[in-house]
Amino acid sequence: MNCFRGVEGKDALLCMLTDKVDTEVMDRAGKQLKVISTMSVGYEHIDIRECKKRGIAVTNTPKVSTDSVAELTVGLLLLTARKLLEGNQAVKKGEWGKWKPMWLCGVELTKKTVGILGLGRIGFGVAKRLKPFGISRLIYHDVCAMTEADDIGASFVKFEELIQESDIICICCNLTPQTKHVFNMKTFKKMKPSAILINSGRGGVVHHDDLHEALTSGEIAAAGLDVTEPEPLPYDHPLVNLNNCVVLPHMGSNTWESRNAMSETASQNILDVLNGKRAVGEVDSPA
Ligand SMILES: O=CC(=O)O
């Protein structure tokens, strides 16, 4: 949604991930507008090409939510793999009865092959946290191989290998024209039927209708989504009521530590730009 209210005559705008900042908003703000600071890592809601044309700086809040998002990704994986939400709901509904050996059985992370799509700061944080679970192999795919991957014993593989070999895939990448809907029915068909897909990157990386079909037809076993397409995902969306799909409301960075740091960084970015300094979160505009 466009964020119009109160923008007129301002030198700086501080916005959230859900505030679309386009030419209309910039026109409404006026020619004096110098900086648009988003309190998020992602900045796909801001028309950065237009900002570049107009000489408006764009800033984000990098680094400060890496740990919170990486922690949530691991949490979401455990929720999904071990059916923890189903277990909790069963207790609340009074369904905890006699011991049943196969009831609410999930899978362990131990000895599994974990694939990470996008070994940036968050992907690296997830990989580092998953190693102590005793996983057998750590593979990743990104635009290129990263030297830091050696520190955690992660091997670069082609996308095809990532989807075919992984027992667990964590999507930690940005949404770009290259990553848009790369998880679609063709991809799901190549994945293991036991595979678990976790997405804490961007919803648009996954084709949601295809994911629903893959989860109901058994192409893959389960999914955990902290990001969806669209957001918010309507409560009556078919994915919401699947037992093998855990949907969270994009809450990866919802910790006091991250939120405090994000708000400080977003404000400091504005002050830096207005004072003629390079802000820590200055986003490089497209050429
Ligand atoms: O997704 C959250 C962010 O971009 O900060």
Side-chain angles (χ1 to χ4, degrees), residues 1-3 12-22 25 35-48 51 57-77 79-80 116-127 129 142-143 169-183 197-206 208 223-233 239 246-270 272 279-286:
M1 119 197 30
N2 294 82
C3 49
L13 300 180
L14 194 152
C15 64
M16 305 293 140
L17 204 54
T18 41
D19 298 322
K20 189 164 159 36
V21 185
D22 55 13
V25 175
V35 51
I36 298 168
S37 167
T38 182
M39 194 175 126
S40 60
V41 179
Y43 47 86
E44 59 270 27
H45 50 297
I46 303 172
D47 185 342
I48 56 168
C51 288
V58 176
T59 65
N60 69 346
T61 56
K63 299 187 186 159
V64 292
S65 53
T66 306
D67 291 330
S68 52
V69 179
E71 278 182 13
L72 177 124
T73 309
V74 174
L76 179 55
L77 170 56
L79 274 186
T80 310
I116 310 268
L117 180 63
L119 200 74
R121 279 190 287 265
I122 293 172
F124 191 86
V126 171
R129 284 166 174 80
D142 208 316
V143 280
I169 296 186
C170 296
I171 303 175
C172 300
C173 61
N174 295 330
L175 182 61
T176 63
Q178 289 72 39
T179 61
K180 173 97 180 157
H181 292 168
V182 281
F183 282 86
L197 181 70
I198 301 297
N199 189 4
S200 60
R202 280 294 181 261
V205 177
V206 177
H208 282 51
L225 312 174
D226 184 44
V227 288
T228 58
E229 185 186 63
E231 287 187 13
L233 192 69
L239 281 172
V246 175
V247 183
L248 298 179
H250 198 154
M251 54 188 292
S253 62
N254 296 26
T255 63
W256 293 116
E257 293 87 340
S258 278
R259 284 296 142 86
N260 287 339
M262 286 165 83
S263 57
E264 267 176 37
T265 308
S267 321
Q268 190 60 48
N269 282 337
I270 290 179
D272 286 347
V280 281
E282 199 147 333
V283 167
D284 290 323
S285 310

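All ligand and atom numbering here is 1-based and tracks the order in the structure.
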What are the polar N/O contacts of ligand 1 with the protein below 3.5 Å, with distances?
{"from": "ligand 1", "atom 1": "1 (O)", "to": "Arg202", "atom 2": "NH1", "distance (Å)": "2.9"}
{"from": "ligand 1", "atom 1": "1 (O)", "to": "Arg202", "atom 2": "NH2", "distance (Å)": "3.4"}
{"from": "ligand 1", "atom 1": "1 (O)", "to": "His250", "atom 2": "NE2", "distance (Å)": "2.7"}
{"from": "ligand 1", "atom 1": "4 (O)", "to": "Val41", "atom 2": "N", "distance (Å)": "3.1"}
{"from": "ligand 1", "atom 1": "4 (O)", "to": "Gly42", "atom 2": "N", "distance (Å)": "2.7"}
{"from": "ligand 1", "atom 1": "4 (O)", "to": "Arg202", "atom 2": "NH2", "distance (Å)": "2.8"}
{"from": "ligand 1", "atom 1": "5 (O)", "to": "Val41", "atom 2": "N", "distance (Å)": "2.7"}

Under 3.5 Å, is there a donor-acceptor pair between the [X] and [Y] side chains?
X: His250; Y: Glu231; answer: yes
X: Asn254; Y: Arg259; answer: yes
X: Thr73; Y: Ser200; answer: yes

Quick one: salt bridge (charged side-chain N to carboxylate O under 4.0 Å, His left out) partners of Arg129, sequence neighbours excluded?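 Listed in chain order: Asp67.
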Using the salt bridge (charged side-chain N to carboxylate O under 4.0 Å, His left out) criterion, which residues pair with Glu71? Sequence neighbours excluded.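 Checked Glu71 against salt bridge (charged side-chain N to carboxylate O under 4.0 Å, His left out); zero matches.
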Please list, chain by chain and in numerical order, all residues satisfying side chain to side chain contact (heavy atoms under 4.5 Å, CB included) with Val41, sequence neighbours excluded.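 Partners of Val41 by the side chain to side chain contact (heavy atoms under 4.5 Å, CB included) criterion, ordered by chain and then number, come out as Asn60, Ser65.
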